[in-house]
J.: 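Take this structure first; my questions come after.
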Amino acid sequence: MMYCENCMKLVEGEICPTCRNRKLREPNKGDFCFAAELPYMQAEMLKELYRDNDVPYSDRLVLGAAIMAELGVNLGRVRVYVPFDRLDYAKELYDAYFNGEAILDGDEPKPAPREVHAGQVYRHFKGNLYLVEGVAKHSETQEDFVVYRKLYGDRSLWIRPLEMFLSPVDKEKYPDAMQEFRFELVEEESPENPE
């Protein structure tokens, strides 16, 4: 693996795939390397986890503070970096905490992550049905987006960040919602006859 100083990432090959930098070098022990990009609140949780486990870190707002202030903290994303010599340990901590591979500090095990299945019908918590066409990756941010089609009206195609698609319903905002999650799989219905 080679180190790109511009992106602060470890890359394979001689050219950074993100910024096209050709001046890559061997990583040094103290080089801060990209560890994760997360929504603001999850990044705060990760940073606390790193602090509790003596892993130094630095972070950067993806959109910048002014844009995030305009959009709101919940839409902000943060990139977190750790020293090269602590990267493997930092990834283990991340996996254990966010993917439920281990229990840290007496935490309860996390439920299995929800998944999206192409070709399946999902019900939005407001009642309408949608067919998931697939999951696409944003070319610049590498963020996953769900591509889905309305099964009513003009049957138009839409996209939404995967994380948002899988998120729980905000019960404070929608106290009468009957679903736990924003979109839930409808197992008994098919795209040909959705209702």
Side-chain angles (χ1 to χ4, degrees), residues 7 9-13 15-20 34-46 61-63 67-68 71-80 90-102 108-174 176-195:
C7 299
K9 288 184 180 179
L10 296 176
V11 299
E12 291 183 20
I15 300 173
C16 176
T18 305
C19 70
R20 310 306 295 165
F34 175 81
E37 181 179 315
L38 297 164
Y40 180 82
M41 294 307 292
Q42 286 182 334
E44 290 301 308
M45 293 165 49
L46 180 63
L61 297 173
V62 173
L63 297 175
I67 295 175
M68 195 167 88
L71 295 176
V73 167
N74 292 334
L75 295 178
R77 295 187 68 80
V78 178
R79 291 186 183 132
V80 181
K91 287 181 177 182
E92 287 175 22
L93 289 171
Y94 175 94
D95 287 340
Y97 192 78
F98 288 103
N99 298 328
E101 293 177 4
E108 292 299 316
K110 303 252 185 261
R114 296 184 65 228
E115 297 178 351
V116 171
H117 302 281
Q120 297 294 312
V121 174
Y122 288 77
R123 182 183 312 280
H124 187 267
F125 74 93
K126 292 181 180 176
N128 289 320
L129 298 179
Y130 300 86
L131 172 66
V132 170
E133 301 278 346
V135 176
K137 192 169 287 294
H138 190 289
S139 64
E140 299 300 316
T141 66
Q142 303 301 302
E143 182 179 7
D144 289 326
F145 285 79
V146 177
V147 180
Y148 59 102
R149 184 174 302 282
K150 290 169 42 176
L151 292 178
Y152 61 94
D154 64 1
R155 298 181 64 90
S156 55
L157 206 55
W158 294 77
I159 66 168
R160 182 184 298 253
L162 175 65
E163 185 174 326
M164 184 185 290
F165 190 92
L166 295 174
S167 68
V169 174
D170 181 346
K171 293 294 186 168
E172 288 182 22
K173 189 172 180 182
Y174 301 101
D176 297 329
M178 300 299 288
Q179 291 184 187
E180 180 180 356
F181 296 100
R182 184 182 301 264
F183 287 88
E184 291 186 2
L185 183 64
V186 179
E187 300 193 26
E188 70 278 0
E189 295 166 318
S190 68
E192 294 78 31
N193 188 16
E195 298 199 283

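Values below: every heavy atom of this structure, side chains too, minus hydrogens, waters and symmetry copies.
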J.: Which value, rounded to the nearest 0.5 Å, describes the distance between Gln179 atom CD and Lys126 atom NZ?
T.: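 Here the interatomic distance stands at 12.0 Å.
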
J.: Measuring from Lys150:NZ to His124:NE2, what's the distance to the nearest 0.5 Å?
T.: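 NE2 of His124 is found 12.0 Å from NZ of Lys150.
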
J.: Considering residues at least two apart in sequence or located in another chain, which fulfil the salt bridge (Lys or Arg N to Asp or Glu O under 4.0 Å) criterion with Arg149?
T.: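 Here the qualifying residues are Glu133.
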
J.: Nearest heavy-atom pair of Val121 and Leu185: which atoms, and what distance?
T.: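 Distance-wise, the nearest heavy atoms are O-CD1, 3.5 Å.
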
J.: Tell me whether Glu37 is salt-bridged to Arg79, with the criterion being a basic N under 4.0 Å from an acidic carboxylate O.
T.: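 Salt bridge present between Glu37 and Arg79.
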
J.: Would you check if the distance from the ring center of Phe183 to the ring center of Tyr130 is below 6.0 Å?
T.: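 Aromatic pair counts; centres sit under 6.0 Å.
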
J.: Using every non-hydrogen atom in the two residues, find where Phe181 and Leu166 come nearest and quote the distance to one decimal.
T.: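 Nearest pair, atom of Phe181 first, then Leu166: CD2-O, 3.4 Å.
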
J.: Would you please name every residue forming a side-chain hydrogen bond (donor to acceptor under 3.5 Å, both in side chains) with Ser139, sequence neighbours left out?
T.: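 None.
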
J.: Would you say that more than 12 heavy atoms from the other residues, nucleotides or ligands in this model lie under 6.0 Å from the CD of Gln142, or not?
T.: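 Yes.
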
J.: Mind checking the CZ-CG spacing from Arg123 to Leu151? Nearest 0.5 Å is all I need.
T.: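 Those atoms lie 10.5 Å apart.
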
J.: Given 3.5 Å as the limit, does a donor-acceptor pair link the side chain of Tyr122 with the main chain of His117, or not?
T.: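 It does hold such a pair.
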
J.: For Lys171, does the NZ atom have more than 12 heavy-atom neighbours from other residues, nucleotides or ligands under 6.0 Å away?
T.: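 Counting other residues, nucleotides and ligands, NZ of Lys171 exceeds 12 neighbours.
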
J.: Check whether any side-chain heavy atom of Cys16 sits under 4.5 Å from a side-chain heavy atom of Lys9, and report yes or no.
T.: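 No, too far: nothing below the 4.5 Å cut-off.
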
J.: Just verifying a value: how many Å separate Arg160 CZ and Asp144 CG, rounded to the nearest 0.5 Å?
T.: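 Rounded to the nearest 0.5 Å, the CZ-CG separation comes out at 15.5 Å.
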
J.: Minimum heavy-atom separation for Val186 and Leu129, please, with both atom names.
T.: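 Val186 and Leu129 have their closest heavy atoms at CG2-CD2, 3.9 Å.
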
J.: Nearest heavy-atom pair of Phe165 and Val116: which atoms, and what distance?
T.: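 Closest approach of Phe165 to Val116: CD2-CG2, 3.7 Å.
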
J.: What heavy-atom pair brings Ala118 and Gly134 nearest, and what distance separates the two atoms?
T.: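 Minimum heavy-atom separation between Ala118 and Gly134: CB-CA, 4.0 Å.
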
J.: If you compare all heavy atoms of Tyr94 against all heavy atoms of Ala36, which two are closest, and at what distance to 0.1 Å?
T.: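 The pair with the smallest heavy-atom distance is CE1-CB, 4.0 Å.
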
